[in-house]
Amino acid sequence: TSNQMWGGRFAAGPDAIMEAINASIGFDQRMAAQDIAGSRAHAAMLAATGIVSDKDAEAMREGLLTVLSEIEGGTFVFSTTLEDIHMNVEARLKDIIGEPAGRLHTGRSRNDQVATDFKLWVRDQFDAFESGLLALIKALLAQAEVGADWVMPGFTHLQTAQPVTWGHHMMAYVEMFGRDLSRTRDARKRMNECPLGAAALAGTSFPIDRDMTAKVLGFDRPSANSLDAVSDRDFALEFLSTASICAMHLSRMAEELVIWSSAQFRFVVLSDRFSTGSSIMPQKKNPDAAELIRAKIGRIFGANVALMTVMKGLPLAYSKDMQEDKEQVFDAADNLMLALAAMEGMVKDMSANRPSLEAAAGSGFSTATDLADWLVRVLGMPFRDAHHVTGTLVAMAEQNECDLPDLTLEQMQSVHSDITSDIYEVLGVHNSVASRVSYGGTAPSQVLAQVARWKEMLE
Ligand code: ARG
């Protein structure tokens with residue numbers, strides 16, 4: 001049998017394979033609530049502009065609410081023959097209210113309808129993204145505040161570089177997720193234009209009121225070009241690209257947690273609630289949540305590349321290729337929200353192993369730069385010479401299998417005779433971090449100032 005929506009032109013129905021490749025109802029039913037919200041706004045506008053009667057609009061409103069409750073109640077029967085959520089809803093509306101249902105699609109197309117539904121869906125995800133980030137940032141701030149003066153090694157090339165503070169390291173992630181937050185807010189603002197009323201591609205001859213529907217649906221304004229309105233998936237791509245950058249941050253942090261929780265590092269203890277055991281090795285406590293965050297990020301990057309690739313060669317305006325946008329975004333959004341929540345849970349629960357951090361902070365000649373700086377500051381040596389003298393002392397310590405503060409004054413003076421015992425002060429890790437008071441530096445005073453700044457901003 002031919003299609004009930006466009007059967008007029010068709011003598012035969014679709015092949016089963018055609019139906020299978022064409023149908024999106026299997027996934028776009030996730031936009032049911034958005035579809036019905038869009039239709040309700042459209043119906044109200046059609047009545048307000050006199051395009052349909054108030055009576056018909058009222059029937060549509062009632063009917064759409066019934067459809068919504070059927071979907072929410074799980075009694076709605078989705079049909080593949082009806083292709084997508086838009087036609088499933090409309091067909092059911094027709095069953096319920098009869099003739100007026102056929103007037104709902106006046107001045108509208110599935111092209112502007114799907115763009116509107118999807119935008120509403122993605123907009124909600126930007127909001128969820130924002131809340132997830134805020135919760136994670138708060139958990140990091142709490143860690144930073146308690147450990148503002150706990151020393152730990154800072155690394156470059158994953159080799160001990162200079163001592164830093166736990167708080168400083170946590171605040172580095174706050175900055176990263178803070179930029180993600182600003183990106184989501186920025187993108188959400190930019191996407192908030194309503195495609196509804198662009199119709200198929202050219203607009204419509206009916207006297208519709210696009211400002212009204214835009215406002216009812218919480219958009220800032222209607223989109224200004226009907227061709228662009230139905231062709232645009234930038235909002236989905238911006239969601240995926242901001243999600244990708246955030247995912248990259250999550251993955252770096254997950255990687256650090258995996259390393260830090262190992263027996264070799266012992267920098268953090270993850271809670272039982274966010275760890276798993278081994279079925280064979282009784283001693284094991286594995287950082288699976290961190291590993292899964294690190295891994296799930298691949299899907300988010302993948303979705304971003306997939307949708308970019310779908311969109312890149314499409315002529316204006318709508319092409320059916322664009323139906324491939326949803327599954328990518330759905331999957332990326334689900335996994336992003338899960339990863340954010342899991343990271344928040346891990347960060348909230350984890351405890352830094354302070355003695356272990358402190359012991360590691362002092363090893364690996366981490367205060368060599370402080371020593372060189374002392375030679376510059378106290379002896380007036382050019383930094384390059386100080387670097388060389390310090391290097392000689394490091395080699396000496398290495399040969400003696402000790403750390404820099406373990407060298408005797410005589411040993412130090414054998415490298416440079418002007419060195420005095422004052423030098424030992426700068427070789428301690430606490431003095432080292434306390435001295436780094438430059439703006440944004442690792443000194444506890446700086447860290448606490450940044451914590452305070454963030455707390456104020458989040459209020
Ligand atoms: N299911 C379609 C999609 O997701 C809805 C739009 C269909 N428009 C069309 N001209 N066939 O993109």
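In what follows, residues are counted from 1 in the order of the sequence shown. Nothing here was measured: the structure is a model prediction, and the numbers come from that model. Whatever order the structure lists them in is the order used to number ligands and atoms, beginning at 1.
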Starting from [atom], which protein heavy atom do you reach first, and at what distance in Å?
atom: atom 10 (N) of ligand 1; result: Asn111 OD1, 3.0 Å
atom: atom 12 (O) of ligand 1; result: Tyr318 OH, 2.4 Å
atom: atom 4 (O) of ligand 1; result: Lys326 NZ, 2.6 Å
atom: atom 2 (C) of ligand 1; result: Gln323 OE1, 3.2 Å
atom: atom 5 (C) of ligand 1; result: Asp84 OD2, 3.4 Å
atom: atom 11 (N) of ligand 1; result: Arg110 NH2, 3.5 Å

Notebook entry, point to check: When only distance counts, is His86 in polar contact with ligand 1, meaning an N/O pair under 3.5 Å?
Noted result: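 Between His86 and ligand 1 (N or O atoms, distance only) the closest approach is not under 3.5 Å.
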Margin query: Both conditions, 6.0 Å and 45 degrees, for the charged tip of Arg30 above the ring of Phe330: are they met here?
Written below: yes
Item checked: NZ or CZ of Arg123 within 45° of Phe219 ring axis and under 6.0 Å -> yes
Next item on the list: Say whether Gln113 and ligand 1 are in contact under the criterion: heavy-atom distance to a ligand atom below 4.0 Å.
Entry: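 The answer is no, since Gln113 has no heavy atom less than 4.0 Å from ligand 1.
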Note to self: Under 4.0 Å, counting heavy atoms only: does Glu83 come that close to any atom of ligand 1?
What the structure shows: no
Notebook entry, point to check: Do the two ring centres, one from Phe235 and one from Phe118, sit under 6.0 Å apart?
Noted result: yes
Check: Quick check, are the ring centers of Trp260 and His169 under 6.0 angstrom apart?
Finding: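 When the ring centroids of Trp260 and His169 are compared, they turn out to be within the sub-6.0 Å range.
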Checklist line | Donor on one side chain, acceptor on other, Glu358 and His430, under 3.5 Å | finding: yes
Notebook entry, point to check: Which ligand 1 atoms are under 4.0 Å away from a heavy-atom of Ser24?
Noted result: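 Under 4.0 Å from Ser24, ligand 1 has these atoms: 1 (N).
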Next item on the list: Look at the side chain of Gln143 and the backbone N and O of Met350, then say whether any donor-acceptor pair between them is shorter than 3.5 Å.
Entry: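 Looks like yes, one N/O pair under 3.5 Å.
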Notebook entry, point to check: What pairs with Lys312 under side-chain hydrogen bond (donor to acceptor under 3.5 Å, both in side chains), at least two apart in sequence or on another chain?
Noted result: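 Once residues adjacent in sequence are excluded, Lys312 has no partner under the side-chain hydrogen bond (donor to acceptor under 3.5 Å, both in side chains) criterion.
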